[in-house]
Every structure is written in C-alpha cells, then in structure tokens.
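Everything below concerns the one structure shown next.
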Amino acid sequence: MKNERYNAREAEPRWQKIWEERGIFKTRNDDPRPKYYVLEMFPYPSGRIHMGHVRNYAMGDVVARYMRAKGHNVLHPMGWDAFGLPAENAAAQNKIHPKSWTYDNIATMKAQLKSMGLSLDWSREIATCDPAYYKHQQKLFLDFLKAGLVERKMSKVNWDPVDQTVLANEQVIDGRGWRSGALVEQRELTQWFFKITKFSDELLSAINTLDRWPDKVRLMQKNWIGKSEGLLIRFMLSQNAGGASEVEVFTTRPDTLFGASFVALAPDHPLALEAAKNNSAIKDFIEECNRTGTAQEAIDKAEKKGVDTGIRAVHPFDLKWQLPVYVANFVLSAYGTGAVFGCPAHDQRDLEFARKYKLPVKPVVVPPDADPKTFEIGDEAYLEDGVLANSRFLDGLSVPAAKEEVAKRLENETRGNRPVAKRQIQFRLRDWGISRQRYWGCPIPIIHCEKCGVVPVPDKDLPVQLPEDVTFDKPGNPLDRHPTWKHVKCPSCGEPARRETDTMDTFVDSSWYFLRFTAPDANTPTDRKAAKYWMPVDQYIGGIEHAILHLLYSRFFTRAMKETGHADLDEPFKGLFTQGMVVHETYRKADGSYASPAEVKISMEDGERVVTFEKTGEKIEVGPIEKMSKSKRNTVDPDDILSTYGADTARWFMLSDSPPDRDVIWTEEGVQGATRFVQRLWRLTNELAELAAPAGTAKPAQFSGDALNVRKAAHAVLANVSEDIERLRFNRAIAQVYQATNSLTDAAAKAKAAGKKIAGDLAYAFREAGEILVRLAAPMMPHLAEECWAALGHKTLVSQEAWPVLERELLIEETITLPVQVNGRKRADVTVPRNAGNPEIEAAVLALDPVKRELGNRAPKRVIIVPQRIVNVVS
RNA sequence: GCCCCCGUGGCGGAACUGGUAGACGCGCCUGACUCAAAAUCAGGUUGCCGCAAGGUAGUGCCCGUUCGAGUCGGGCCGGGGGCACCA
C-alpha cells in the first residue's frame, strides 16, 4: 500500500458508490438536529457542465459537508432550471423536441455532477419543466390572481422580432434583446403582470435586514428599486392646449423652483402629442425621438434637444412668471409624470439644454461660503449642498428646509379646488411582465371566454399541460397555431372558449424552487410544515449575474406566497454569496484565429514561457485572461479535468487559488500543484499509519516536547480552517491545510530520523494530528479523505464523522514572542512569559542588543507595549 | 455621465478590529536520487549593498493623521464592474 500512488480514477467511483448505497446524503424532514439549508443556484440544462458549475458546486459542497460534520441536519438539493428558449432554438435547428433535448441534457449533466462527488440529496431532484412541478406553479399563479397580485393590462412592450417574444425592460440591453441581440421594437400587447410594485417599499427597506448578503448586491437592488421622494407640482398653462389647462411635473428638487427656466415634456406626453397636431416641427421631432428610440440612446446621450411648443406654463409661486414648454428628448415618459421643470443651474442635463436654447441660468443654491451676487454657473451644474439664494422667501434656508417650505406652501394652496402640489414617493421599479409568446415554458392557466371574459382554470384541471405534438419550423408561438390545444370549453358557462397561449417567463420557475425542495413530493406547492422547518436558505451561492432579477423576484415570490398561505416568511435567503468567474488566458495564432488550451503546448526556454500550436509547432501569442467562452475558445471541459485528475483535484484547485468572490484563473500548473498535493497527503497518511498509535488508543495523560508541538500545530490549524470555512474563505482554509501537511511531514521525518521507536504521547499525537488533517481536508477532497481515513484503520466513513473537537487550551502559549520596533522599525524579537507585566517586558526589551545599539546613550522617550502584539520603543 | 469595487514579489494571493509586509500555492534557480527523464526529496527565491551578520528601500503616485499606515483621511493615476438621461 505504502508505495502506491493514490489512484483517483479507481477510488472516486468506488466511494461514490458506497455513499450512494448507504444513502448517507438523503435528508429527512423530521431529524431532531438543528437544520442547515445550503443551496447553489440550479443550472440551466444547456448540455454539459462548465467550470463555473464546478466552482459553484464545489463551494456549496464544502459548506454542506462541513455543516453536516458540525452536527446539522443539512439540506443540499439539486435541480434543473429546465424551461427556456435554447431548447426551442435547438428544436428549430436540429429537429429535436425541446423535451427530449432538455431531458437528454439533464441526464448528461447529472452524470457529470455525480462524478464530482457532491453530497447532494438526489431524491429531491426537481426539473421545472416537469408537469409535477409546474402544476404547482400554475396553482400559485391562480392564488396570486385571487389575492390581487396578478394583473392583466395593455402595455407597451419590447418586442424581440427574432425570438418573437416580449422582453422585460430589464431584459433589453442597449435597445437589443438580451438573448438574440436583435433591435427591439415597441408594440402594444395585453400582458400578465405580477404586481411586484405592491412590495416596492418593503423590498427596499428589508434589504437592510439582509446582513449576510454582499453589500454590492444590496446596493444594486436598492438602485434597481430606486425610491425617490419628491413633489408633484401642477403648472397652470397660460392658454388651453387641446383641453388641457395644466401640466403636472414630478421633482425631487422643489427647493430649486425659483431657478426654473422651462418645462419639458417627454415626446409621448399627451400634451406633446396634442401640440404636434398643428405643428409639423414638433411632430417631426417626436417622430425622430420615437425612431431613434432606446437603441439610439447612447448616441443621443451627448446632445439634449427639444422643440418649443409655444405653450407657456405659469410659475406656481408667481402668476406673472411664464415658462416656455418644450418637448425634449431627455425626458422619460415612463418615469414620474413624463414632465419636468428645468432648473439649469442645478441639473447637468437641464444646463446643457438651457445653453443650447439660450434659456436663463440662475443659481438658487450657492456654496455656504460663496457670495450669491457673484456666484455663477459655468459648464457644470452646482449639485452640492448649500444655501438658498435668489429665491425670495426661501433665501438663506438650507436645501432640506427649502424643500419642506415649498412643499408646505404649495400643498396648502388650492387652484381649481385642488392643492397645487402633493408629496409623492416615486419608485423606479415596475411591475413584472411574465407573458411570453413561447412554447417551452409553464402555461398560464387561464381560459378566455367571449361571454365570461378571463376565467381561471379550475384547480381540478391542473396542470394545464404542454402538448407534445408541436412544430418549430415557423417563427411565433407553436401553442398558438396548434390545431386543437387552445380550443376548450369555458369552465364557467360551457361555451367554446380558448386557452391563454402565452407561457410564463422562466424567472417565475426559479422564484420558488428553493421552497419546493423542502417537500418536493407534496401535493400542494409547499408543505408548510416542511417549509417552515427548512426556510430560509441559510447559505445561497451563485453568480453575480443574478444579483438583481432572480434574487428580487424570489424575494417578491416569497412574500406573495406568504400572502397566499404557502409560506411563512418574507426573506428566502439568509446568507448569500456571489462567486467569481473562472477565467483562462487566450491563445491566438498568427492568422488571428483562436487556439484552445488543449491544442497548445507550453514550455520554458531560457526562463521564458514559450507557447506553440502543438500540431504544427507554430508560435502562439498569449492573449488576455478572459471569462471562458466558446468564441474565445479558452474553455476547459470539466469532463477532461475530472477524468485526467479526478474530482478531488479539480475541486481543490477551484477553491485554492483565489478568494471565492473573485475570478479564478484556471492554469495547468495550478492543477498540477493540486494533484501533487493529493499524492503528498496520501503519502503522509500512510507514513502516519505506520508511525502512529493504533486507532482507538487511549489518550495519554500528559504530552511534552515534540508530541505537544504536534498537537498544538494540529489544533491551531483546526481552529483556523473551521473559521475560514464558516466565512467561506476557502482559499485560506486550503493554505492552512497545506501548512499543516508541511509541519506534520517535517515532524514525522524528524521522529523517524531520531531512530527510536515512536511510542507513547508522540505516537498518539501523530494519530490525532493525522485524523484532524484528514477530516479538515474532507469537505474539499472527500474521496481522498475516505481513502486516508480507511488507511488510518477506520471502518467508518469520514463523510459521516464529526468535525474534530478543538482543545482551546492548546492554542495558549506559555511564552510569547513579540516583535520589537525602535521608532516604528522592527529591530528584534523578545520572548517573554505569556502573562509578563509591562515593566518586565520593558526591561527585557531595553536589554536587547539591537535596541541598545539604536538607542545609543539616550534613554527611550516612550515604550509602547501592545499586549500580545508588539513593542515599540520611541527615542 | 453617475455609482461601486480593486491596485501588495515573476504570477495567484496572505496580513483578524492600524501592530513583524509577502503566509500558502504556482513558477523559477541550485543540489540529491537516476544511464537519462518523470516523479520525489533538500535548499534558495521583493529590489539594492554585503562572504556573512546585518543594513537599506519597498504594498500604483503625492500629502496628511499616528509611537506605528498595505490597512485610516484628502488629492491624483491606472484597472474592473454596475446603471437609470430616473428630474
């Protein structure tokens, strides 16, 4: 045994089989131990797993195995985010049915995940495309509908002409569909919406309770919800314009009202459209704005443009003061009222607009130390805090006081029986449109009847199943053109009616799967008892790309499910961790084409790294390190890695090199290092198996010398690794394991070199240290750890062993070595008893030669002693 | 344009609340074993001066606070990410 190399290829499947046969990762809902729910974002079954998955699931598995060893009942499930457009695209291209394409992919990827040796409870596996899952999603939809959380409304939608589908605003990137990249068109459609805005305020304020989320994600969500407090102000018009006698604007800066020099309307504001009726310049301008639309946004950014409508608005505080009303390209119709008053001195966009059209620029807020008479605005608006000026009764007030004063006065002034202004809280967040004109999604369980209108599908008829006989040869929705599927009888009146042919956004599927995992076979969407026991997810791990949408929708869903009696909590994810990407350097051939890592050969010549194309020997230029992608050909296939090096090596390396929230660079050398360590730990374990006391030997009463040192080192590492895993600092945990391996290897070599038979306390210490080391490595390298555990003479599985118990007193040293500085510069070390008093330490320090040399004949001015830390002598 | 994050050896990165800068890994160099290679083992590896002991500079740049700054504050420079022309 001793001289054999560890053979991962043979050992890994063997241990996986044992784990599976004994069902040790199956989790029960009625286990008395404290619960711990660790979840990684479930994958889309695209075909094969990629390195990002390996990293993500390796992290989750470390947490799961660690918490299990710490005595928790751990839920660690896996499933498939299985609906979505790629399946339909594959169907259209390769004549494979989306269902078989999806399930084939699931089978492949499941086998890949299994070869990673993850401690998953596969009995809870979910696929969102399974009618057994989406049946409950349809029930949730209907319950939400009943509870007033679903709404059907006409709305202008982003139409993706390539995917033939509607996109949410958040799915439009630079005016293009986020998947297809096609230019998005505007269309009017009747859509189903989840009323997420009902929870705007709560979703925002509860972010403050998510203290185990990354600050970055919390900030992104806050910005996305976008709360702003301001004032709605009515501006009377000097003449009626098409029946309108006023225009309402929203502002967060009512304090700057006396600096107003114009009013601006969005291009599709009703008043703008009215004004366009008999003014071709306005009409042309509006058309120009519509034509350029969102796609031209970036180009338009530079220039603020507008057209004077000729209409004049009356200043709310001065009936004689008239402001020109413009239609402007920089005013958004979807936000606020679609109209603003322009205050050029204190808004950059307004300033640029005013300069272009020679409108007045009057500062009304000036820096506290500036003279209002001479303060002028140049190319930049003044956005800082300051004191009000040129503002009549507001002069001298602070900005908040002025805001308050304006609000108070205008609220109390009525014109046409209504107050001139009212306070308003405005959110950027919009309702979540979920209708998709696609086949491969969860059908919306609604029937449209001529007589009865919108009729929910009765619960007993759920699920509304997708028909399987569909074609993908034409664009558009196969459900809509299916010959029979949509024709049904109205559940209410029995007359012929038709089904809703839209399916749900796939973000719906992933908004509650974490709840379903707690009772995957329940015949209601959730088993409330199980959900109550397991939720919230204690540690959720996934990519930063889901920082906004998926997480926000899940937070909404959890609240909506609470309101409809399916759950008992608001926040689904107590701890969130967002991992970095896996990146790899890129290789370019002379002709500019990319080469894959598998095709190149890397060698060292005169200390220089030389990369060549293996087949032809041609030189390769090493390009920047980038996210692994097919187009750059810098991907590494997990299957190759797993079959060459084994799962433990792949997992180890994925966790070792970089902090988990940062990108990790995949390098061949790094993997080699990891695989070397596998062998080192295996050799050390076998060495220890010979040197150490047999398993089960009674603990000696006393330890001294090397035995004590071995124990101290082992327990110090134990303390650090435990803390590092708990804080998800896997790279540090691994560095600690390396260190422990080094010191134990040295200690073993020293003991052997001494030539005496190792017995007594040292033999025991070696066993203890070895067993600690193996268990510390186990969450990261579970297969090797099992093999080592067996080699140490155990019949049990290390996967089921408890975490080593820390003996804290071993961490306390009797003497401590303090660094000694003179004037902040390290000059020496001093070793003193742990509880030495300051005078004692000072005396010892001043007696040191380097200190005496630095001080010369002078007496020290001060001696600063930081307990247990450092001594600094100031001369 | 706005907001956020990050700059530490040849490389990835350590350094808890201000307290020995460079843990650990990779790479490289030297040596041992070997006919040779791989594997393994031992030693070295921030720059500069020095045989060495040691000294000296050093965490993107400048300034400040402090007995003491990679860490805190101000101002720059560079890189990355997010976004909303959001009034």
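In what follows, chains are A, B, ... by sequence order, proteins preceding strands, each numbered from 1.
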For A:Ala674 and for A:Arg727, locate the closest nucleotide of RNA chain B by heavy-atom distance; then report the residue assigned to the nucleotide nearer the 5' terminus.
-> A:Arg727
Using heavy atoms to find the nearest nucleotide of RNA chain B for A:Gly670 and A:Asp829 separately, return the residue whose nucleotide is more 5′.
->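 On the 5' side of the pair lies A:Asp829.
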Considering only [options], which nucleotide approaches the side chain of [X] most closely?
X	options	answer
A:Asn872	B:A87, B:C24, B:G19	B:G19
A:Ser228	B:C83, B:A21, B:A87	B:A87
A:Met220	B:G82, B:G25, B:A87	B:G82
A:Thr252	B:C3, B:U20, B:A87	B:A87
A:Ile665	B:G12, B:U20, B:A23	B:G12
A:Ile870	B:U20, B:G12, B:A87	B:U20
A:Arg862	B:A87, B:G82, B:C67	B:C67
A:Ala735	B:G19, B:A57, B:C24	B:C24
A:Gln821	B:A87, B:A23, B:U20	B:U20
A:Asn742	B:G25, B:C85, B:G68	B:G25

For [X], report the nucleic acid contact type (base, sugar-phosphate, nothing); a contact means any heavy atom under 4.0 Å.
X	value
A:Val871	nothing
A:Val340	base
A:Leu219	sugar-phosphate
A:Gly673	sugar-phosphate
A:Asn731	sugar-phosphate
A:Arg428	base
A:Phe250	base

In whole angstroms, how far is the [atom2] atom of [N] from the [atom1] atom of [X]?
X	N	atom1	atom2	result
A:Lys216	B:G81	NZ	P	10 Å
A:Met654	B:G12	CE	P	17 Å
A:Met780	B:G25	CE	C1'	14 Å
A:Asp849	B:G54	CG	P	12 Å

What are the two closest non-hydrogen atoms of [X] and [Y], and how far apart are they?
X	Y	result
A:Asn634	A:Glu585	CB-O, 3.5 Å
A:Leu811	A:Ala719	CD1-CB, 4.0 Å
A:Pro860	A:Val873	CB-CG1, 3.7 Å
A:Asp350	A:Gly342	OD2-CA, 3.3 Å

Where does the angle between the aromatic ring planes of [X] and [Y] fall among parallel (under 30°), tilted (30 to 60°) and perpendicular (over 60°)?
X	Y	value
A:Phe341	A:Phe235	tilted
A:Tyr357	A:Phe353	tilted
A:His346	A:Tyr382	perpendicular

Would you please enumerate the stems RNA chain B participates in, each stem being three or more consecutive Watson-Crick or G-U wobble pairs with both distances under 3.5 Å?
-> B:1-7 with B:77-83, B:10-12 with B:24-26, B:27-32 with B:40-45, B:46-49 with B:54-57, B:60-64 with B:72-76
Would one find a side-chain N or O of A:Arg827 under 4.0 angstrom from OP1 or OP2 of B:G55?
-> yes
Side-chain contact test, heavy atoms from C-beta onward, threshold under 4.5 Å: evaluate it for A:His715 versus A:Leu718 and give yes or no.
-> yes
Compare all side-chain heavy atoms of A:Leu429 with those of A:Leu204 and state whether any distance is below 4.5 angstrom.
-> no
Determine if the base of B:G9 is syn or anti; take syn to mean the glycosidic torsion is within 90° of 0.
->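 This nucleotide is in syn.
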Taking the six-membered ring for Trp, are A:Tyr645 and A:Trp652 ring centroids under 6.0 Å apart?
-> no
Any N/O pairs under 3.5 Å between the protein and nucleotides 37-40 of chain B? List them or say none.
residue: B:U40; atom: O3'; partner: A:Arg683; partner atom: NH2; Å: 3.1

Charged N to carboxylate O under 4.0 angstrom, A:Arg423 versus A:Glu404?
-> yes
For B:G79 and B:G31, measure between their C1' atoms and round to the nearest Å.
-> 42 Å
